[in-house]
Amino acid sequence: MAIRLGAHLLGLTDTLRFEPVARRVRARLDGKVVLDSTDAVLVWEPRRVVPMYAVPPGDLRARLTPGDARPVPDDLPPILGPVNFGLHLTPGQSHDLEIDGHAFPAAAFVPDDPDLGGRVVVEWGPFEWFEEAQPVTGHPHDPFKRIDVLASDRHLVVGLAGETLADTRRAAAVHETNLPVRWYVPHDDVRTDLLVGSRTTSICAYKGRASYVSVPPGALPGLPDGAPDIAWTYPHPLPEVAAVRGMFCFYAHLSDLTLDGVRQPRPENPWASPGDQERF
């Protein structure tokens, strides 16, 4: 029987996974190198969908102090992103990091698994990271994922509460491994008069820093409370996805997409609660 590869890889999320990398990995704090390794591995802890780097202790210029692991809440979603590093779902030892008088509680973790050779998994957030000489944001790049940006002339309409928010034949279809297709719409084909800026921002390791927009309360008759953070845009995307600069992408699980006249089912979002999926 043939194996559907994407489903097979997603089915491995309950296990501890690792993959050696050939690139040099460095981390800086206040301009000072605190980690420098050519012997790193990528580590995916159970239920994590993005990896973190683990390095030999000798490649980490910090003091490691064993600490108590954070208790794991019962209501965690089945899939976890790069946040809440201190929660671990595999046996091992948490450590505090101390670097030049700076303390980072539970910012390091040594899994018990012997295949990792005692390597230390290091939290991403406190540091500036580099793969070779290239700055990297968000989290390490996953060698088993890719992103393609394809220009499309299909007729895309984005609706919400019976109103049209975008109508275009100039969309960019962004295909990312294990994610629904994201449709990016040119600014001129979006009803920007129905949108307001949001303070929300996010970081994508592959696309850069995103800014968000919302439908304000009262803008749509069928949606008196509005729709916060319904879409995002990359004003200054990373070079690999420069084609989406300034375009808007609406959450497909929170809006109504019609493609070439065919209404598209709302995809499941593994990071959204059932209530969030149904809020609009």
Side-chain angles (χ1 to χ4, degrees), residues 79 81 137-138 145-280:
I79 299 296
T137 60
K145 293 184 179 178
R146 63 175 292 158
I147 180 169
D148 295 296
V149 181
L150 305 178
S152 177
D153 58 4
R154 301 175 73 179
H155 187 200
L156 175 72
V157 178
V158 181
L160 187 64
E163 298 287 338
T164 296
L165 296 181
D167 189 331
T168 189
R169 290 184 179 273
R170 303 183 297 154
V174 176
H175 295 261
E176 297 182 67
T177 305
N178 296 326
L179 290 177
V181 179
R182 305 295 197 188
W183 294 94
Y184 283 74
V185 182
H187 179 279
D188 291 346
D189 295 341
V190 175
R191 287 285 308 277
T192 54
D193 58 305
L194 296 176
L195 303 173
V196 295
S198 166
R199 294 182 179 180
T200 302
T201 62
S202 65
I203 291 288
C204 173
Y206 307 100
K207 297 187 291 294
R209 179 178 294 275
S211 300
Y212 287 72
V213 294
S214 303
V215 175
L220 297 180
L223 205 65
D225 295 330
D229 298 337
I230 190 66
W232 66 90
T233 183
Y234 288 95
H236 305 288
L238 295 177
E240 294 84 352
V241 294
V244 304
R245 182 188 305 272
M247 289 183 162
F248 289 89
C249 184
F250 292 83
Y251 274 113
H253 71 286
L254 298 177
S255 59
D256 301 317
L257 302 183
T258 301
L259 192 60
D260 289 338
V262 179
R263 175 74 172 270
Q264 303 299 297
R266 291 189 178 189
E268 292 187 6
N269 182 345
W271 291 276
S273 67
D276 186 51
Q277 299 242 129
E278 299 296 331
R279 64 190 173 109
F280 305 133

Can you give the donor-acceptor pairs under 3.5 Å from side chains of residues 194-205 to other protein atoms, not counting sequence neighbours?
{"residue": "S198", "atom": "OG", "partner": "T200", "partner atom": "N", "Å": "3.0"}
{"residue": "S198", "atom": "OG", "partner": "T200", "partner atom": "OG1", "Å": "3.2"}
{"residue": "S198", "atom": "OG", "partner": "D229", "partner atom": "OD1", "Å": "2.6"}
{"residue": "T200", "atom": "OG1", "partner": "D229", "partner atom": "OD1", "Å": "3.4"}
{"residue": "T200", "atom": "OG1", "partner": "D229", "partner atom": "OD2", "Å": "2.9"}
{"residue": "T201", "atom": "OG1", "partner": "R209", "partner atom": "NH1", "Å": "3.4"}
{"residue": "S202", "atom": "OG", "partner": "Y212", "partner atom": "OH", "Å": "2.9"}

Nearest 0.5 Å, what's the CG-CG distance between D225 and L220?
11.5 Å

Name all residues meeting the salt bridge (charged side-chain N to carboxylate O under 4.0 Å, His left out) criterion together with D256; count only those two or more places apart in sequence or in a different chain, and write none if there are none.
R263, R266

Output yes when a side-chain donor or acceptor of S152 lies under 3.5 Å from a complementary backbone atom of A171, and no otherwise.
no

Test side chain to side chain contact (heavy atoms under 4.5 Å, CB included) on L160 and V215; report intermediate values, then the result.
CA-CA 10 Å; L160 187 64; V215 175; 4.3 Å; yes

If you round to the nearest 0.5 Å, how far is CZ of R146 from OH of Y206?
12.5 Å

Between L156 and T258, does the side chain to side chain contact (heavy atoms under 4.5 Å, CB included) criterion hold? Intermediate values first, please.
CA-CA 6 Å; L156 175 72; T258 301; over 6 Å; no

dist D189:CG -> R170:CZ (nearest 0.5 Å) comes out at 4.0 Å

Let me have the donor-acceptor pairs involving side chains of residues 230-249, under 3.5 Å, with sequence neighbours excluded, atom names and distances please.
{"residue": "W232", "atom": "NE1", "partner": "Y184", "partner atom": "OH", "Å": "2.9"}
{"residue": "T233", "atom": "OG1", "partner": "M247", "partner atom": "O", "Å": "2.6"}
{"residue": "R245", "atom": "NH1", "partner": "P235", "partner atom": "O", "Å": "3.2"}

State whether the side chain of S214 and the backbone N or O of P216 hold a donor-acceptor pair below 3.5 Å, judged by distance alone.
no

Atom CZ in R182, atom NE2 in H175: separation rounded to 0.5 Å?
12.0 Å

For side chain to side chain contact (heavy atoms under 4.5 Å, CB included), just list the numbers for H155 and D167, CA-CA rounded to whole Å, side-chain angles, deciding distance to a tenth of an Å, and then say yes or no.
CA-CA 7 Å; H155 187 200; D167 189 331; 2.8 Å; yes

On a heavy-atom basis, which atom in K145 and which in T177 lie closest, and how many Å separate them?
CA-OG1, 3.5 Å

Spacing of Q264 atom CD and D260 atom CG [to the nearest 0.5 Å]
8.5 Å

Less than 4.5 Å apart, any side-chain heavy atom of L257 and any of V157?
no

Nearest heavy-atom approach of A252 to P267 is O-CD, 3.6 Å

